[in-house]
Amino acid sequence: MHKITIIGSGNVGSTIAYTLTVSGLSSEIVMIDINNEKALGETLDIRQGVSFCSPCSIYAGSYQDAKNSDIVIITSGIARKPGQTRLELAQTNIDVLKSIIPEITRYAPDAVYLLVSNPVDILTYVFCKRSGIPEERIIGSGTILDTARLRACLSEYYSISQNNVHAYVLGEHGDSSFIPWSLANISNVPIEECHKSFLSKNNILPELDYKEVENYVKKSGARVIERKGATFYAVSISVCHICKCLLSRMDSTMTVSTMMHGEYGIDDVCLSTLNTVGNKGIRHKVLLPLNDNEIKLLQNSAQTLKEIIKNTKI
């Protein structure tokens, strides 16, 4: 029996609620939104299909209803508009989060907190600094979505299951993110060798264009927003994967945003590196054997985020 509270009933919050219900991960889901009518409508719509899913009580509620939650997912804030960067959202959504923190932590002090709103790294940092919740129970969805987009791209290129693709996006969930290509592989074949090992039907497979792949990953969100106005399916699936790992007894590694304490020479900022996630939160960081250039790229990403933090009121 697991209870999950979702703050925010917009496209992302409601899709997460739907995905959690269909997946059977939670037996109780509470949706909280300043627009209570919207939350009531979303939960009613989902609840009317629950007879075909695992039993789940889903309803709109208040902060007090979050009591005894295992996980609290925060999706509230202003959505990114076409042409707008994630970091341009910073101060507005920081202020929204600051108003939420004392209300939710009062009733769910033992929950794991999962930040999804953008800019997610900045908001994860704010939550760490202002909530009083232990850092191991504060997770930003970070680059888990970017990593999923990368694996989808490589999977399509080599016509192979995404389960066989092992590659990560690290750093900020935004423009300063990067791919540590030195670690990327498909079924233990280093990515630079794959064009020779994974032969196409006519035995001709061009070498991978790294820049093209990096551009695809970084621009994917903006392209979806241009075409349909918002992104919410892939991020919801990614968030539900994090929830599954948090609720299970088997630890799993993933790229999520957490507070840094000297790893790779980075301190006092939240960004995505590889972490082991298990029951009740972050178990530990996995220190990847990055090369010197990749460490510099990670440090650059940290500095980019620190500049934003320095210019906002947290």
Side-chain angles (χ1 to χ4, degrees), residues 85-87 89-90 114-116 118-129 135-136 138-154 165-185 190-192 208-222 235 238 242 252-277 281-312 314:
T85 68
R86 294 181 182 91
L87 297 182
L89 294 172
L114 180 49
L115 283 294
V116 181
N118 278 317
V120 67
D121 302 292
I122 304 295
L123 297 184
T124 304
Y125 180 84
V126 172
F127 202 93
C128 286
K129 291 296 184 180
E135 287 177 4
E136 65 269 18
I138 302 171
I139 303 172
S141 56
T143 61
I144 191 169
L145 174 58
D146 308 77
T147 294
R149 288 167 171 163
L150 169 62
R151 292 178 178 179
C153 180
L154 295 177
V165 179
H166 306 284
Y168 304 104
V169 178
L170 302 181
E172 172 207 354
H173 176 52
D175 293 339
S176 69
S177 66
F178 73 99
I179 301 167
W181 288 112
S182 68
L183 303 177
N185 72 84
I191 202 72
E192 67 269 17
L208 192 68
D209 187 330
Y210 298 143
K211 290 295 183 183
E212 184 179 325
V213 174
E214 289 166 4
N215 187 61
Y216 171 89
V217 172
K218 289 184 179 182
K219 301 299 182 184
S220 285
V235 67
S238 301
I242 297 172
S252 182
T253 57
M254 61 188 72
T255 53
V256 288
S257 186
T258 57
M259 183 66 78
M260 301 294 285
H261 292 287
E263 300 87 358
Y264 308 102
I266 299 169
D267 187 57
D268 194 38
V269 69
C270 291
L271 47 64
S272 288
T273 57
L274 193 63
N275 289 265
T276 300
V277 176
I282 299 294
R283 297 291 195 184
H284 52 77
K285 288 182 170 63
V286 179
L287 296 180
L288 294 166
L290 303 177
N291 62 36
D292 290 344
N293 183 59
E294 290 162 350
I295 290 173
K296 287 180 181 178
L297 290 171
L298 188 62
Q299 291 172 342
N300 174 69
S301 199
Q303 191 57 42
T304 298
L305 289 164
K306 285 187 175 186
E307 287 297 317
I308 301 298
I309 292 168
K310 185 171 68 175
N311 291 299
T312 54
I314 68 166

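The first residue in the sequence is number 1, and the count goes up from there. A quick note: this is a predicted structure, and the numbers were derived from the prediction, not measured.
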Mind jotting down which residue pairs meet the salt bridge (Lys or Arg N to Asp or Glu O under 4.0 Å) criterion with at least one end in residues 253-274? Sequence neighbours excluded, please.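 Output for this query lists Lys129-Asp268.
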Strictly by salt bridge (Lys or Arg N to Asp or Glu O under 4.0 Å), give each pair with a member in residues 291-305 just once, sequence neighbours left out.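 Residue pairs with at least one partner in residues 291-305: there are none.
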Is there a side-chain contact between [X] and [Y] in this structure, where contact means two heavy atoms from C-beta onward sitting under 4.5 Å apart?
X	Y	answer
Gln299	Ile266	yes
Ser176	Asn300	yes
Val169	Thr255	no
Val213	Leu208	yes
Pro289	Leu183	yes
Glu172	Thr304	yes
Ile139	Ile282	yes
Leu170	Leu288	yes

Taking atom [atom1] of [X] and atom [atom2] of [Y], what is their separation to the nearest 0.5 Å?
X	Y	atom1	atom2	result
Tyr125	Met260	OH	CE	13.5 Å
Glu212	Glu214	CD	CD	11.0 Å
Ser257	Leu115	OG	CG	8.5 Å
Leu287	Thr273	CG	OG1	8.0 Å
His173	Leu123	NE2	CG	11.0 Å
Leu114	Phe127	CG	CZ	10.5 Å

Please test Met254 against Ile242 for side-chain contact (heavy atoms from CB on, under 4.5 Å), starting from the C-alpha separation and ending with a verdict. CA-CA 8 Å; Met254 61 188 72; Ile242 297 172; 3.7 Å; yes
Heavy-atom pair of closest approach, residues [X] and [Y]:
X	Y	value
Thr124	Gly140	OG1-CA, 3.3 Å
Tyr168	Leu150	O-CD2, 3.6 Å
Leu271	Asp121	CA-OD1, 3.5 Å
Thr147	Ala167	CG2-O, 3.4 Å
Cys270	Leu305	O-CD1, 3.5 Å
Ser272	Leu298	O-CD1, 4.3 Å

Taking atom types as modelled, is there a side-chain donor on [X] or [Y] under 3.5 Å from an acceptor on the other?
X	Y	result
Glu307	Gln303	yes
Glu135	His261	yes
Ser177	Asp146	no

Between Val277 and Thr253, does a side-chain contact (heavy atoms from CB on, under 4.5 Å) hold up when you go through it step by step? CA-CA 6 Å; Val277 176; Thr253 57; over 6 Å; no
Donor-acceptor under 3.5 Å (Lys218 side chain, Asp175 main chain):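 Judged by distance alone, yes, a pair lies under 3.5 Å.
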Checking side-chain contact (heavy atoms from CB on, under 4.5 Å) for the pair Glu192/Tyr210: CA distance, chi angles, key distance, verdict? CA-CA 10 Å; Glu192 67 269 17; Tyr210 298 143; 3.6 Å; yes
Picking from Ile191, Asn185, Ile179, what satisfies side-chain contact (heavy atoms from CB on, under 4.5 Å) with Leu154?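 Going through the options one by one, the only one that passes is Ile191.
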